[in-house]
Each structure stands twice: as structure tokens, then as C-alpha cells.
Student: 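This is the structure, below, for whatever I ask next.
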Protein chains: 2
Amino acid sequence: MVGLEDVAKLAQVSAATASRALSRPELVAETTRERVQEAARTLGYRPNVLARSLRQRGSRTLGLVVTDILNPFHATLAKAVQDVAEAQDYTVLMFNTDEESAKERRAFEILRGHLPRGLIVVPTPATHTNLDLLPGLPVIELDRASGRPGAHTVLVDNEVGAYRAVSYLAGLGHRYIGMIVGRQDISTAVERHEGYRRALQDAGLPYRPELVRPGNHREGDGRAAAHALLALAPGERPTALFVGNNEMTVGAVLAARDLGLRLPGDLSLVGFDDSRWAQTILPALTVVAQPAYELGALACRTLLSLLDGRVVPTSTRLNTTFIERDSAAPSASHAQKVGSA
Amino acid sequence: MVGLEDVAKLAQVSAATASRALSRPELVAETTRERVQEAARTLGYRPNVLARSLRQRGSRTLGLVVTDILNPFHATLAKAVQDVAEAQDYTVLMFNTDEESAKERRAFEILRGHLPRGLIVVPTPATHTNLDLLPGLPVIELDRASGRPGAHTVLVDNEVGAYRAVSYLAGLGHRYIGMIVGRQDISTAVERHEGYRRALQDAGLPYRPELVRPGNHREGDGRAAAHALLALAPGERPTALFVGNNEMTVGAVLAARDLGLRLPGDLSLVGFDDSRWAQTILPALTVVAQPAYELGALACRTLLSLLDGRVVPTSTRLNTTFIERDSAAPSASHAQKVGSA
DNA sequence: TTGAAAGCGCTAACAC
DNA sequence: GTGTTAGCGCTTTCAA
């Protein structure tokens, strides 16, 4: 292990000067500086981050806590955060919580011991409480908002995205539009639900509670919820479905297949969040796309700005994009009307 | 920041005793131990890992370096490694290299500063050289083998998996079986290529170099390679394709679509590595499935055993599973023969 | 502009 | 079984 002492010796200066030459070059005479840097290079010196962090009472480390790294949306967030952090010489400590409060607590505890400078978290309902473990730490909430007063958040405009999707379905003539919605203690799910509600209202359609089914964000939940909705009596069964996240959308498509329903002929479908799956499945899915990479990158940039003492907006919303593909079509009755006009 | 000193004071012992009571309880009298643990609990004490690691010259940290975290196969490996490491109280520092040597070097350099106890890496051709940065560090190579003598590897039986797939296609009567293969400086690609070769031989089919196209593991490469293969003159164009990894398989399916070829009627396809995409696309893809989670978990368990000084096998191969779904069918001529028999 | 010295929080020797 | 002491590798006073 080559240490600062070795570099100092080779460059014939004290350890203190060697340290300065490498970390704060402006404090050192040019010739000395070059001698030290040269020595460091030839020895292949790498600072011991542990010692440095211990001394400085804080490491150049950021925490990242996501709820499901196997979800491509989250994987993309993680990659973006890593890319930005790395460019600024920060190391990211990443943890996965599977939406479990206990795992999140553990992640926070471990993180604490590493003296991170900041944290980016996709919050769960338990996050508010668990953050007690990291008092005073700058935190950015990503994708969802926990509701903590004053929290910094980087989100997507869920309400508008959902509104756009449901308005589109209504415009296609659908009068029974179902929604598969996430847990109502998670902000994204609430907001998408709101958008759904408002779109129905603006389209002059009644809100029918029996057409709204909750699910726990996973594929299986989406499948079960879709089955429940499609089991309704003819006349009141939805002819179109708006699904609140990417995983549940997969489930909804599979449910349609289970029942032999063809998209978009027998059922129109619009999902929230784009993915390669949505792009390549047949028919290609009409979706509300989220700028996942940009979202993660922005969260990280915001955190780094915050750490630099710059003023940053407390809350940022990125726009979603509505992408019209082939999984939604005019309702049967609508097509008839238009055809006979 | 509550430190060990605070705990010691509250428990009325020295810092050393407090340290022992928490880290090596068997060295401390029971009553003292309880007093200290109680004090730690009430103060919410968490050890400063930095100080501990500095003192012990090594942190309870593992490095994990993968080449593409957005690839679900790699995401699964990563989750498995994390799960196992966490259960043993290790923290994982994860890096993504995008198959770029420069990024890998950087990852190794940063890692070095954190004094990890071991490293799990999905190697690239550059890894062999780059590992000079981490002399003496226990390393497990995951999924691929770099060829370093004596290296510990946890792999899948690529040759056998590929052999099985190609034999299956040959058994279906295909005589022109193309392969889209990965970079030949990566072990998995070489081995899968070998399996392809041997299967052809055992089926009495000639190896035709023009039916083998290399690709750089990405979707776009697979698509381009498939286009090239399918552009061959009738008579010598492949009627079946074996694709060497999951991303390129997506590309091959899209190429078939571009050309209006139907699977499996106009073209039979077998991919390497299963995925939700392969399961839910229509027709569902016949694939050689890899135990991704188990692979990652085993790599981590092996590393931890190694660190505990236990004897571990230098190389482990996990079996692949051939999953017959709907993307491969008897060749036209074969069907004819069988039909007329 | 540089060096000497102290100390970050913890654990391992060594004494008792 | 417990306390005292020293030191991990670095940065940062403070003094020169």
C-alpha cells in the first residue's frame, strides 16, 4: 500500500505539503507541486478515502436508495445518478429496499456509518420516519414525494400525464374507462389517480369507483386487477384501461391474453412509463413516457448543487410525453357513429 | 454524532471495553456487556465504519463491477450479490463500466481507495490488465472468464447450452442454421460458438462461416447481424437462427419483423438467456435460460468463503435450462417430409 | 510557501 | 476482564 508518506519522501517534502499539492494545488509553489504530482504518478498513489473521510468528517459519498432495482425504470434512475455522481468524483452507495421498511432502515443505518454527504431516495410511506436515522443529511426525494415538509423533490408531472392518457381514451369514444392504480399511500399513484379523475370529469364522464382497482405495483397485481375489471358484467365492463405503472401494465396485457381479448379491438390500453417491452410488444403500447434518465440525473445534480451551497428549487417536475402507438383504438360504438356519419 | 466515547461514558467503562462489548462480546463480562449494549441502544450509537476500517486496514466492503446495469441479466446478478453480501453485513460498492476499459480502470481506482476486502467482476478483455490496480485482492470473475491463470470463476455452461439449442434446431430439420455471436474476445461468446460448432458437426451439418455473424452484444448489433444473414440468397439463407445473448435476440426479432418474416413459420429462432421479454413476446421465445440470480448469489458466497479462508473451487459452472416455447418449428422441407411419410 | 504536530473514531497490543 | 496507549493515513491548524 503506497501512502502519502511515500510520495512525500520521493518528492522530498513533508507529508503536509504532499497532501496540499494533491488536494489543494493552489496552496503550493508550482515547482513543488509538479514534483509531488510526478512522484504520486510514478508510485501509482491513490489516497486512502477512509483516512481522508475520517479526518474531514465526511466522505465524498452519496447514498442512493431505490425500491426495486430489477424494475428497468429504477435501473435507469440508478444509472443516471451514478453517471452524474461519478463525473463529480462522488462514489455512490446503492441500496435496494424492495419497498420494505425494515430493509430501508437497515440501508440508512449502514449508510450512516459511511458518513455520506447526501442521499437520494425513492421514498416509501416509511421513509419519513426512517429518516430520523440520518438527522441533518441533505436528501432528495426521487420519483415520489414522502410529504415531509420542506423536502426536496424531483418528480414527474403525474397528474398531467394521466390526464392526457385518459382524455385520449375518452376522445376515442370510450365511456367505461377503467384504471389500475398503485397504492394510495404513494404520491405517484395518488397523482395519477387525480389525473384520471379530472379527465373523466372534463369529458363529462362519471367517476365509477368499481372501475378503479388498486394494485401493489407488481406484474401480478396488474394481472389480478385487470381480471377483476374485465369480469364485470357486459354493459358496465370497461372497454379501455389506463394502467398506473409499467409492471402492472405487463400484467394487464397478460390478463387480456388470458381472456382472449385482442388489443385494441376488444380492449384499449394505455400504460404509464415507457419501456422496451412496451415498444416491441404487439401491438406496440400507447404510453405516457417518463424521462427516467433525465429524472435521475437531475436529482443528482440537484443534490450536488445543494451540497455546494447553491440555491436549488425545493421541487421540480419534469414533463411526461404521451406516445401514441397501437394499443388504443376508437370504441366500438364510437367507430359506428363516426362510420355512419 | 454519537461516538464510542459517549457510549463508554454512559456505561462507565473505557472506550476499549465498549468497543469489545460491541464487536467481540465474548471478551467481556456479561454484566458489562449488557450495560454497554444498553447504552449503545439508548444513544442510537452506530459505529463509524471509516474509523474502524482505517484501523483494521480493510473495510467490510465488497466491490462489484458489471458491464451493463440496464441489462436485466446484469441487474439480476447485482441484486443477488447485494442480497447475499448484505446478509453477511458487507456493503457493496457497485460500478458500471459500459464495457469500457477506461471506466473500469476508474472504478478499480476508486474502489482501491475504499480498501475493499474482495471484488466480483464481470470481466472484459481489459480486466486482466486493469486488475494490476488492485494487487492481492481476492477476485471472483462472474459470468465470463478473463483467462487469468488461477482466477476464480463462476460461470454457466455456455457450450452445453448452445449445443442443446442448435441440436434442437437441427433436429427440427433445419440445415441452414445461422448464429449471431458475441465478441470473440469474450469467453461466453467463444463457448457458445463452440457449442454451435459441435452441434452442427454431430448433426452432420457443415460449418458455414457465412452463417455466423458477430455482434457487440447490443440490440442494434443483433438487428444488423440478422439483417445481413437474412439478406443471403434464397437457397443459402438460414431458416433458423441461434442468437448468443438476450439483447441481440431482441434485435433479431425486430429484424425479422422488418422483413415481414413470421416466427416460427418463416424463421425459427432460439435465444440465449431468458427474460420477461422472451416470455411475453408473441410467439414466446424458445431459449437457453441461465440461472442469473443463483449465479450472482453463488459468486458472492464463493467470495465470502474465500475471505473466511475456506477452500473453494477455482471454477464453478452452473447448468443452463433449455426452455421450449413457440419460436422454433420444423423446417419447411422437414415438415413436408414428415407430412408425406 | 512549507513543516511540525495534533487528531478524526476506532481497535489491537500490552499491561494489570 | 478491563484500562492505557498507540496508531491506522490523512488534513489542518499553527508557527516559522
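None of these values were measured; they are calculated from a predicted model. Within every chain, numbering begins at 1; the chains are lettered A, B, ... in the order of the sequence lines, protein sequences first and strands thereafter. Excluded from the calculations below are hydrogen atoms, water molecules and symmetry mates; all remaining heavy atoms, backbone and side chain alike, are included.
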Student: To the side chain of B:Leu4, which of C:dC10, C:dG3, C:dG9 is closest?
Tutor: C:dC10
Student: Write down the distance between NZ (A:Lys9) and C1' (D:dC10), rounded to a whole number of angstrom.
Tutor: 15 Å
Student: Looking at every heavy atom in both A:Arg52 and A:Ser23, which two are closest together, and how far apart are they?
Tutor: NH2-OG, 3.7 Å
Student: With a non-hydrogen cut-off below 4.0 angstrom, is B:Leu27 in contact with a base, only sugar-phosphate, or nothing?
Tutor: base
Student: Select one nucleotide: of C:dG9, C:dT11, C:dA5, the one nearest the side-chain heavy atoms of A:Ala16.
Tutor: C:dA5
Student: Measure CD/B:Glu26 against P/D:dT2 and give the value in whole Å, please.
Tutor: 13 Å
Student: So, for B:Ala15 and B:Glu5, which heavy atoms are closest and what is the spacing to 0.1 Å?
Tutor: CB-OE1, 4.1 Å
Student: Please classify the nucleic acid contact of B:Ser23 as base, sugar-phosphate, or nothing, using heavy-atom distances under 4.0 Å.
Tutor: sugar-phosphate
Student: Given D:dG3, D:dT2, D:dT12, identify the nucleotide with an atom nearest to the side chain of B:Val28.
Tutor: D:dT2
Student: For residues B:Thr76 and B:Tyr293, report the shortest heavy-atom separation together with the two atoms involved.
Tutor: CG2-N, 3.6 Å
Student: Quick check on C:dC10: is either OP1 or OP2 less than 4.0 Å from any side-chain nitrogen or oxygen of B:Tyr45?
Tutor: yes
Student: Considering every strand and a 4.0 Å limit on heavy-atom distances, what is the contact class for A:Arg24: base, sugar-phosphate, or nothing?
Tutor: sugar-phosphate
Student: Measure from the side chain of B:Ser14, starting at C-beta and using heavy atoms only, and say which of D:dG9, D:dT4, C:dC10 lies closest.
Tutor: D:dT4
Student: Could you state the CD-P distance from A:Gln56 to C:dG7, rounded to the nearest angstrom?
Tutor: 18 Å
Student: Determine, for A:Glu294 against A:Arg301, whether the closest basic-nitrogen to carboxylate-oxygen distance falls under 4.0 angstrom.
Tutor: yes
Student: What integer distance in Å separates B:Gln12:CD from D:dG3:P?
Tutor: 10 Å
Student: Check the distance between C:dT2's P and A:Arg20's CZ and give it to me in whole angstrom.
Tutor: 8 Å
Student: Look at the side chain of A:Arg52 and decide which nucleotide, out of C:dC10, D:dC10, D:dG3, has an atom nearest to it.
Tutor: D:dC10
Student: Counting side-chain heavy atoms from CB outward, which of D:dA6, D:dC10, D:dG3 is closest to B:Arg55?
Tutor: D:dA6
Student: Can you work out whether B:Glu30 or A:Pro47 has the more 5'-proximal nearest nucleotide on DNA chain D?
Tutor: B:Glu30
Student: Can you confirm whether more than 12 heavy atoms, excluding those of A:Glu100, are under 6.0 Å from its CD atom?
Tutor: yes
Student: Rounded off to whole Å, could you give me the CG-to-P distance for the B:Leu54 and C:dC8 pair?
Tutor: 13 Å
Student: Measure from CG on A:Leu50 to P on D:dC10 and round the result to the nearest Å.
Tutor: 11 Å
Student: To the nearest Å, how far apart are B:Asn48 CG and C:dG7 C1'?
Tutor: 14 Å
Student: At less than 4.0 Å, is any side-chain N or O atom of B:Arg57 found next to OP1 or OP2 of D:dG9? Yes or no.
Tutor: yes
Student: Can you tell which of C:dG9, C:dT2, D:dG3 lies closest to the side chain of A:Thr32?
Tutor: C:dT2
Student: Nearest heavy atom decides the nucleotide; on that basis, is B:Val13 or A:Thr17 closer to the 5' end of DNA chain D?
Tutor: B:Val13
Student: What nucleotide among D:dC10, C:dT1, C:dC10 has an atom nearest to a side-chain atom of A:Ala29?
Tutor: C:dT1
Student: When you compare the side chain of B:Leu4 with that of B:Pro47, does any pair of heavy atoms fall below 4.5 Å?
Tutor: no
